[in-house]
Number of protein chains: 2
Amino acid sequence: MKKMTDYIDQQGLRHSTQREIIAQEFFKTKGHVSVEDLYDRTRKVNSKIGIATVYRTMNLLQDCGLAVRRDFDTGQPAFELETEQHHDHLICTSCGKIVEFFWEEIEKNQNHIAKKHGFELQHHKMELYGVCKACQKKPKSLQTRQKS
Amino acid sequence: MKKMTDYIDQQGLRHSTQREIIAQEFFKTKGHVSVEDLYDRTRKVNSKIGIATVYRTMNLLQDCGLAVRRDFDTGQPAFELETEQHHDHLICTSCGKIVEFFWEEIEKNQNHIAKKHGFELQHHKMELYGVCKACQKKPKSLQTRQKS
DNA sequence: ATGGGTGCAAAGCGTTTGCAACCGG
DNA sequence: CCGGTTGCAAACGCTTTGCACCCAT
């Protein structure tokens, strides 16, 4: 929160109630939020907030280094709090649940693979897709709800 | 090619010049093609082909198990020939070049990671982003052209 | 009072779809 | 001839933008 207000000041931007509400709702989130979710939740606080402002604020939060946008194969991007440590994700293809994990071997060896092919590595994306514990209990026929 | 005609017959679908042209152009591709590229190339063969037909044909090719759609963080999806062996990708963030690689450790251990979090693994996605050899020679300022 | 911020609606962009004409079997 | 296929344009879903109005500073 403070990081955002600092950024706003330092960039000569302005504070607004909308930004505060949206940021607050975003910080309240433990895991990952979609724009939709965030929009719905902010509307409960102030029903006049437009979706464009949610998009604009999320872009601002990314610029501050507070939010990261993740594009999983779920149809809609998810925002999470930026953390110091890189991590990857497990995504439930049934309910959309997202779990973070750290895999040391990847972090250690990704550079070798890149170098082997003449690439100078910048970053990577590792996503495991599967069915989470809770969804495994559902009948198979209800376990699908992927992007397409 | 034969696999497609077989599939068309067996599904009671029909053969058409458009499908043949598009499929042929797709098979001609060594690496990865975007819809745009494919559309441009098929138009050189028959300028009346519409983009909707390209989309429809690529969906058909996916249904036959001949094409795979890859959604990299490049802004536009790429289609590649379906292969027996799973592999992952290195993507040049400057020119968009795509290189395939196989990383045994990942294939072997991904299940452990998933199980550890209670997930039943279905598939994964591993992408390394960096700058390819050719692009490393360009001035740094020209090395970016990522999605956003 | 300035000029950035907001809401709304319109515009973008890539992809899909409805429909009438078309054509393969 | 029948029903799948095509091209075109319209519809879509998500995100961005233009603009007049609003409100921090």
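Every chain is numbered from 1 and lettered A, B, ... according to where its sequence line falls, protein lines coming before strand lines.
- Atom CG in Asp63(A) sits about 12 Å away from atom P in dG5(C), given to the nearest Å.
- Atom OH in Tyr55(B) sits about 14 Å away from atom C1' in dT17(C), given to the nearest Å.
- Comparing Arg14(B) and Ala52(B), the nucleotide of DNA chain D nearest to each residue sits closer to the 5' end for Arg14(B).
- Along DNA chain D, read 5' to 3', the first and last nucleotides having any atom under 4.0 Å from a heavy atom of chain A are dC14(D) to dT25(D).
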Worked verdict on Arg56(A) versus Gln18(A) for side chain to side chain contact (heavy atoms under 4.5 Å, CB included): CA-CA 11 Å; Arg56(A) 290 190 271 232; Gln18(A) 288 89 326; over 6 Å; no
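- Within the 4.0 Å cut-off from OP1 or OP2 of dG7(C), at least one side-chain nitrogen or oxygen of Gln18(A) is found.
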Which pairs, protein N/O on one side and nucleotides 19-21 of chain C N/O on the other, fall under 3.5 Å?
none

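- At whole-Å resolution of the value, CG in Asp9(A) and C1' in dG5(C) are 15 Å apart.
- Inter-residue side-chain proximity for Asp63(A) and Gln11(A) is flagged as unmet; no heavy-atom pair is nearer than 4.5 Å.
- We find that NE2 of His15(B) is positioned 14 Å from C1' of dC23(C), with the value rounded to whole Å.
- The two residues Arg69(A) and Phe79(A) have their closest heavy-atom pair at CB-CE2, 3.6 Å.
- Between Glu25(A) and Lys28(A) there is a salt bridge, with a side-chain nitrogen of the basic residue lying less than 4.0 Å from a carboxylate oxygen of the acidic one.
- Distance CD1 (Ile21(A)) to C1' (dG5(C)): 14 Å, rounded to an integer number of Å.
- Take the nearest nucleotide of DNA chain C for Asn59(B) and for Leu13(B): the residue whose nucleotide is more 5' is Asn59(B).
- Near DNA chain D, meaning a heavy atom under 4.0 Å from it, residues 35-49 of chain B has Lys48(B), Ile49(B) in order of number.
- At least one donor-acceptor pair closer than 3.5 Å links the side chain of Gln136(B) to the backbone N or O of Val131(B).
- Between Arg19(A) and the choices Leu13(A), Thr5(A), Thr53(A), Leu61(A), the side chain to side chain contact (heavy atoms under 4.5 Å, CB included) rule is met once, by Leu13(A).
- As a whole-Å value, the separation of Arg19(A) CZ from dT6(C) C1' is 10 Å.
- A distance-only check finds a donor-acceptor pair linking the side chain of Lys125(B) to the backbone of Asp71(B) [under 3.5 Å].
- His123(B) and Tyr129(A) have parallel rings, their planes meeting at less than 30° on a 0 to 90° scale where 60° marks the start of perpendicular.
- For the pair Ala67(B) and Met58(B), the tightest heavy-atom approach, listed with the atom from each and the gap, is CB-CE, 4.0 Å.
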Stepwise side chain to side chain contact (heavy atoms under 4.5 Å, CB included) check, Leu81(A) with Phe26(A): CA-CA 8 Å; Leu81(A) 261 173; Phe26(A) 170 64; 4.1 Å; yes
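- For dG5(C), neither phosphate oxygen OP1 nor OP2 lies less than 4.0 angstrom from any side-chain nitrogen or oxygen of Ser16(A).
- Ion pairing between a basic and an acidic side chain is recognised when a charged N comes within 4.0 Å of a carboxylate O; Asp37(B) and Arg41(B) show no such pairing.
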